[in-house]
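Structure, as structure tokens:
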Amino acid sequence: IKLAEEFSKADTVIVMAPYWDMSFPSALKIFFEHISVCGVTFKYEKDGTPKGLCKANKAVYITTAGGYIGDFNYGYDYTKGLFNFLGIDDVYFLSAEGLDIIGNNTDEILSNAKKEAEILSEKF
């Protein structure tokens with residue numbers, strides 16, 4: 001319950017996780033399970049519809065990938081869906097991809113991701 005209470009009071013949420021098996025590490029899934037507590041981060045209305053109770057209205061999901069994510073961005077999709085359920089409406093995505101591909105300039109990829117993060121930070 002303590003994690004859920006802390007999460008529900010956060011002004012902004014930043015999730016950083018590597019891209020693993022088209023998603024994120026299982027430890028993050030466990031964290032998500034610990035913060036998903038009825039009556040703390042969400043509730044059900046009398047008609048059965050869910051209502052998010054989290055204070056934050058913005059979140060960002062940041063990931064790195066050795067290859068390219070493309071249409072297999074299930075970690076972000078899951079996180080965005082969960083956060084929307086918890087009442088966080090604006091969920092953004094930021095990534096540095098192609099880091100393990102021979103010939104790619106990793107310094108340039110990371111520099112571009114940093115620039116994107118700086119631009120995104122203005123929305124927070």
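Each residue takes its place number in the sequence, starting with 1.
- In this structure, Val60 is not a member of the same hydrophobic cluster as Leu28, with clusters built from ILVMFWY side-chain heavy atoms closer than 4.5 Å.
- Here the straight-line distance linking atom CG of Asn105 with atom CG of Leu110 works out to 9.0 Å at 0.5 Å rounding.
- Here the side chains of Ile69 and Phe93 are in contact, with some heavy-atom distance below 4.5 Å.
- Under the 6.0 Å cut-off for aromatic ring centres, Phe24 and Phe32 qualify, their centroids lying closer than that.
- Closest heavy-atom contact between Lys43 and Cys38: CA-SG, 4.3 Å.
- The number of heavy atoms from other shown groups lying within 6.0 Å of CG (Asp71) does not exceed 12.
- Judged purely by atom type and a 3.5 angstrom limit, Ser36 has no side-chain atom pairing as donor or acceptor with the backbone of Glu33.
- The CG atom of Asn73 sits 7.5 Å away from atom OG1 of Thr63, with the distance rounded to the nearest 0.5 Å.
- Of all heavy-atom pairs between Val40 and Leu53, the closest is O-CB, 3.6 Å.
- Nearest heavy atom pair, residue Tyr76 against residue Val91, reads OH-O, 2.9 Å.
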Begin with the C-alpha distance, continue with both residues' side-chain angles, and end with the deciding distance and a verdict on side-chain contact (heavy atoms from CB on, under 4.5 Å) for Asp11 and Lys55.
CA-CA 6 Å; Asp11 293 322; Lys55 177 182 175 186; 2.8 Å; yes
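- Residues Lys29 and Tyr78 are in side-chain contact: their nearest non-hydrogen atoms beyond the backbone lie under 4.5 Å apart.
- Ring centroid separation for the pair Phe7 and Phe83 comes in under the 6.0 Å cut-off.
- Every residue two or more places apart in sequence or in another chain that forms a ring pair (Phe, Tyr, Trp, His ring centres under 6.0 Å) with Tyr44 is listed here: Phe42.
- With rounding to the nearest 0.5 angstrom, the OG1 atom of Thr64 is 10.0 Å from the CE atom of Met16.
- Between Ile88 and Ala56, the shortest heavy-atom distance links the atoms CG1-O, 3.5 Å.
- The line from CG of Asn57 to CG of Asp89 is 7.0 Å long, rounded to the nearest 0.5 Å.
- In terms of heavy-atom proximity, Tyr19 sits nearest to Ala65 at CB-CB, 3.8 Å.
- From Lys58, atom NZ reaches atom CG of Leu120 across 9.0 Å, with rounding to the nearest 0.5 Å.
- Linking ILVMFWY residues whenever their side-chain heavy atoms come closer than 4.5 Å, directly or via other members, places Leu86 and Val13 in the same cluster.
- Thr41 places no side-chain N or O within 3.5 Å of a backbone atom of Cys54 that could act as its donor or acceptor partner.
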Please report the C-alpha distance between Ile14 and Phe124 in whole Å, then the side-chain angles of each, then the deciding distance to 0.1 Å, and finally whether the side-chain contact (heavy atoms from CB on, under 4.5 Å) criterion is met.
CA-CA 11 Å; Ile14 299 171; Phe124 288 81; 5.7 Å; no
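- Both Tyr74 and Val15 are assigned to one and the same hydrophobic cluster, defined by single-linkage of ILVMFWY side chains at heavy-atom distances under 4.5 Å.
- Within the structure, side-chain hydrogen bond (donor to acceptor under 3.5 Å, both in side chains) contacts touching residues 107-120 (residues at least two apart or in different chains) do not occur.
- Scanning both residues, Ala4 and His34, for their nearest heavy atoms gives CB-O, 3.8 Å.
- Between the OH atom of Tyr68 and the OG atom of Ser95 there is a distance of 10.5 Å, given to the nearest 0.5 Å.
- Taken together through direct or relayed side-chain contacts under 4.5 Å among Ile, Leu, Val, Met, Phe, Trp and Tyr, Leu82 and Phe72 form part of one hydrophobic cluster.
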